[in-house]
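Right, one structure below, let's go through it.
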Amino acid sequence: MPQKIIDHATRRGTALRAAAAAVLAAALAVTPAAAGTATGTAAALPAPVGFASVNALGQNGTTGGAGGRTVTVTDADAFLEYIDSKETLVIRVAGTIAITSKQGVRPNKTIIGVGTSGHITGGGLDFYRSYNVIVRNLRFTEAEDDAINVGQQSHHIWIDHNTFSGAVDGSIDVVRGADYVTVSWNHFDHSDKSMLISHSDGASGTDVGRLKVTIHHNFFDNSRQRHPRIRFGEPVHVFNNYFLGNELYGVASTENAGVVVEGNYFQDVPHPLFSASGYADSGPGRAVQRNNVYVNSGTPETSGTVVEPRTFYAYTVDAPSGVPSSVRAGAGIGAQWGNP
C-alpha cells in the first residue's frame, strides 16, 4: 500500500484541486489583448504542494502575482518590461516570445501561458535574489543556456505545468543558495540536462542548509540525466514522478546531499538512483527510497538517513502504479488543471 501522510493540509489540498479547474479557466479564458494591455485583477491560483508552500524567510507560501494587476503580453518588449517591474503582476503570455540569454524576474509575479499558446524560445528566466514567483503553463524551447535558473538566494519559486525541450544547458537549475522551491507537473521532453540542484562541488559555503526542493508529478520523458542531480541540499523530495527511458540515470545524490525518493515509477532506467558511490567527480550523497516501482530498470543505490519532508509540510503519495497514466495525462502545458 502507498505511504500516506495526511492531516488538515491534505483536506485543504483536495478542496484546492477541486477548485483549480474553475479558477484557471476563468484566468485563461479572457481574450488576449494587445501587447502589454492590462486585463483586470489577478484571480488566485491553487496553492503549491511542497517547499514552495512553507512559511519561511518572511514569505508565507508562494502566491505570485495574486492581488495585483493582470496583463497580457504578445511580444518580447512588453514581456521583458513586465518581468522586470517592481509591481505585483500576473503576466499572461499569449503566443511566442523570442528572447536571448537569461532574463531577470523580479519578485511577486505569476507568469502564465494563455491556453496552449504561451511559448518562450531562445532564452530563459533568471531569478537573482527574487522570491514569490509562479511560472506556469509555458513551453520553453531552445534556450541558449538554462530555460529557468533559480539562483542567488531566491526563494519561494513554483514551477508548474510547463514543457521543456532543447535547452543547451539545463531545463531548470536551482543553485547558489536558493531555497523553498516546488517543481510540479512539468514535462521534460527528450531534454538532456533536466534539473541541477547546486552548480559546483565547491559551493558548500552558499548551499549547505539551503536548496530545499520538492519535485513531484513530473514526466521525465526520455530525458538523459539530472532528474535531479543534487549537491548539498537537504531534504530534496522526489515523489510521484514518471521516469521513462532515462539514458544515463534518474536521480543522483552527491556531496552529502539528502534526497527522499518515493512513490515514483521508473521504466527503462538503467540507473534509477546514485548516492553512496557519488557521481562523476562528485563525492557520495545520502538517499532514502521507498514505495517506488522499477520496470526493466536497475537497482537503486541508497545510503544513510535523510531529514523527512514531513518535517516541513504535509503531503499524500499516490499509488506509484498509477503514476504513468496520471502524469502522462496531467503534466506539461495545457494539461488538466484539476491536477495542480
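Every heavy atom of this structure was used, including side-chain atoms; hydrogens, water molecules and symmetry mates were not.
Expressed to the nearest 0.5 Å, how far CZ of Phe140 lies from CG of Asn162 amounts to 5.5 Å. Remark: Ile172 CD1 to Asp146 CG distance equals 10.0 Å, nearest 0.5 Å. Interatomic distance, OG1 of Thr311 versus NZ of Lys212, reported as 11.5 Å (0.5 Å rounding).
Within the structure, the ring pair (Phe, Tyr, Trp, His ring centres under 6.0 Å) test picks out the following pairs touching residues 110-132 (sequence neighbours left out): Tyr131-His155.
A donor atom on one side chain and an acceptor atom on the other are not found under 3.5 Å apart for His199 and Asp173. Looking at His237 and Glu262, their side chains do bring a donor and an acceptor atom within 3.5 Å of each other. With no hydrogens or angles considered, no side-chain donor-acceptor pair links Thr214 and Tyr315 at under 3.5 Å. Checked by atom type, the side-chain pair Ser154/Ser130 shows no donor-acceptor distance below 3.5 Å. A donor-acceptor contact under 3.5 angstrom links the side chains of Glu301 and Ser277, judged on distance only.
Between Phe312 and Tyr180, the ring planes are perpendicular. Angles over 60° get that label, and only those under 30° would be called parallel. The aromatic rings of Tyr242 and Phe219 sit parallel, their planes meeting at an angle under 30°, below the 60° perpendicular limit. Ring-plane geometry between Phe266 and Tyr294 is classed as parallel, the angle between the planes falling under 30 degrees on a 0 to 90 degree scale with a further cut at 60. Between Phe220 and Phe188, the ring planes are parallel. Angles under 30° get that label, and only those over 60° would be called perpendicular.
Ser204 places no side-chain N or O within donor-acceptor distance of the main-chain N or O of Val208, the cut-off being under 3.5 Å. The closest donor-acceptor contact from the side chain of His156 to the backbone of Val54 lies under 3.5 Å. A side-chain donor-acceptor contact under 3.5 Å links Ser303 to the backbone of Gly285. No donor-acceptor pair under 3.5 Å is formed between the side chain of Asp84 and the backbone N or O of Tyr82. His217 places no side-chain N or O within 3.5 Å of a backbone atom of Trp185 that could act as its donor or acceptor partner.
Other residues, nucleotides and ligands contribute more than 12 heavy atoms inside 6.0 Å of the CZ atom of Arg229.
Asn186 and Asn218 get closest at one heavy-atom pair: N-OD1, 2.9 Å.
Between Ile215 and Met195, the closest side-chain pair of non-hydrogen atoms falls below 4.5 Å.
For the ring pair (Phe, Tyr, Trp, His ring centres under 6.0 Å) criterion with His216, the lone passing option out of Tyr313, Phe239, Trp158, Phe51 is Phe239. Considering Thr70, Thr72, Thr110 as possible partners of Arg92, the one that fulfils the side chain to side chain donor-acceptor pair (under 3.5 Å) test is Thr72.
Residues meeting the salt bridge (Lys or Arg N to Asp or Glu O under 4.0 Å) test with Asp192, sequence neighbours left out: Arg224.
Residue Leu248 shares its hydrophobic cluster (ILVMFWY side chains chained together at separations under 4.5 Å) with Tyr249, Phe274, Tyr279.
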